[in-house]
Amino acid sequence: MLITLTDGSKIILQDEDGLLLSFISNNKTKATYQLPYHSGGYGGGSLLLSPSEKYVIFSYFSGQSEEGFTLLEIVDNQFKFLYDSGYLYGEAANYGFADNEKILVQTFRTDSWYKENAKTDKNGDLYYTFGELNLLNLETFNLERHTILVYPSDDWEEEETDVGTFLFTDIADGMLRAKMPWGNEIFQYPLQKTLVIKFSK
């Protein structure tokens, strides 16, 4: 796995024997970084650069419905460790940057849509714990975790919405926007601990 910077430098992930990042410039290895190997195991990983190419994310999963990420800063062709989330329960994580790269947003699914997975609130209404939308402040390195609950309509087509993209798109005008399997959603920012989406009955 490798990613290429605009100046032609490359960051290479080697994960056959341990987890090692290498920074290659002008065909020379300028730096290496040994990534943490968590007790939950390792099912695979990927790399993502921030738009400014100042940060690199190593996104990893266990293969047992767990997702995590390591955030590094690139300083003078060297890797500087900033944050590691460890494993969080979920699947299909996506990442994006907001507010001039002062915030890293992580999204992932935590449940499926089938009725046997639904829960019932105190009013007797069915809901699903859809996923998490988490914000890492890159100044304090505090990770704010937000659970998304979805109340489906009576005509909800569960098979059609069990798959699809869930990712952050932008924060603007006091609103956070995300793309969901069924369309776009908008949340008031700053976010509540629990985010509720209700579809009309």
Side-chain angles (χ1 to χ4, degrees), residues 43-51 55 57-71 83 85-138 142-201:
S46 59
L47 300 176
L48 174 69
L49 274 177
S50 71
Y55 302 107
I57 299 168
F58 168 56
S59 173
Y60 55 88
F61 61 91
S62 68
Q64 303 294 323
S65 298
E66 295 171 312
E67 293 275 357
F69 70 94
T70 301
L71 178 66
Y83 184 84
S85 69
Y87 276 126
L88 304 173
Y89 174 73
E91 295 181 329
N94 283 293
Y95 299 88
F97 288 86
D99 197 17
N100 293 321
E101 299 188 4
K102 294 180 181 177
I103 298 173
L104 171 62
V105 184
Q106 176 195 45
T107 61
F108 55 81
R109 297 283 300 266
T110 57
D111 213 338
S112 64
W113 285 105
Y114 298 99
K115 290 184 178 179
E116 57 265 28
N117 301 111
K119 300 172 185 176
T120 305
D121 67 11
K122 60 183 180 181
N123 298 318
D125 294 324
L126 291 179
Y127 70 91
Y128 298 89
T129 305
F130 172 77
E132 286 194 20
L133 194 158
N134 302 327
L135 282 72
L136 177 68
N137 185 310
L138 298 191
N142 177 49
L143 183 69
E144 296 180 7
R145 300 180 64 182
H146 304 274
T147 301
I148 298 178
L149 305 182
V150 175
Y151 284 74
S153 60
D154 292 336
D155 60 353
W156 191 256
E157 296 292 339
E158 54 186 22
E159 290 84 358
E160 294 179 8
T161 52
D162 188 45
V163 296
T165 301
F166 171 36
L167 53 81
F168 158 78
T169 54
D170 68 90
I171 298 174
D173 302 321
M175 309 296 279
L176 185 149
R177 295 172 175 82
K179 182 178 181 182
M180 316 296 274
W182 56 85
N184 297 320
E185 293 289 344
I186 299 175
F187 304 102
Q188 185 70 41
Y189 190 80
L191 305 179
Q192 297 295 314
K193 180 72 174 177
T194 301
L195 305 173
V196 177
I197 300 171
K198 290 189 176 182
F199 292 89
S200 58
K201 295 296 183 180

Exam field: side chain H146 to backbone L195, donor-acceptor pair closer than 3.5 Å: no
By salt bridge (Lys or Arg N to Asp or Glu O under 4.0 Å) - contacts of D170 (at least two apart): R177
Which residues share a side chain to side chain contact (heavy atoms under 4.5 Å, CB included) with A118, sequence neighbours left out: L126, Y128
Those residues that, when tested against T107, pass side-chain hydrogen bond (donor to acceptor under 3.5 Å, both in side chains) (two or more places apart): none
Separation between CD of E67 and CZ of F61, rounded to the nearest 0.5 Å: 7.5 Å
Side chains of L135 and L143 in contact at under 4.5 Å (non-hydrogen atoms): no
Rounded distance (nearest 0.5 Å) linking atom OG1 of T120 with atom CG of D125: 8.5 Å
Please tabulate, for side-chain N and O atoms in residues 95-104, each donor-acceptor pair with protein atoms closer than 3.5 Å (sequence neighbours left out).
| from | atom 1 | to | atom 2 | distance (Å) |
| --- | --- | --- | --- | --- |
| Y95 | OH | G68 | O | 3.4 |
| Y95 | OH | Q106 | NE2 | 3.1 |
| E101 | OE1 | S50 | OG | 3.2 |
| E101 | OE1 | S52 | OG | 2.6 |
| E101 | OE2 | S50 | OG | 3.4 |
| E101 | OE2 | S52 | N | 2.7 |
| E101 | OE2 | S52 | OG | 3.1 |

F130/W182 aromatic ring centres below 6.0 Å: yes
Ring centre gap for Y87 and Y60 strictly below 6.0 Å: yes
Any residue meeting side chain to side chain contact (heavy atoms under 4.5 Å, CB included) with T110, in chain and number order, not counting sequence neighbours: Y89, F108, T129, E132
Set of ring-ring contact (aromatic ring centres under 6.0 Å, His included) partners for F187, sequence neighbours left out: none
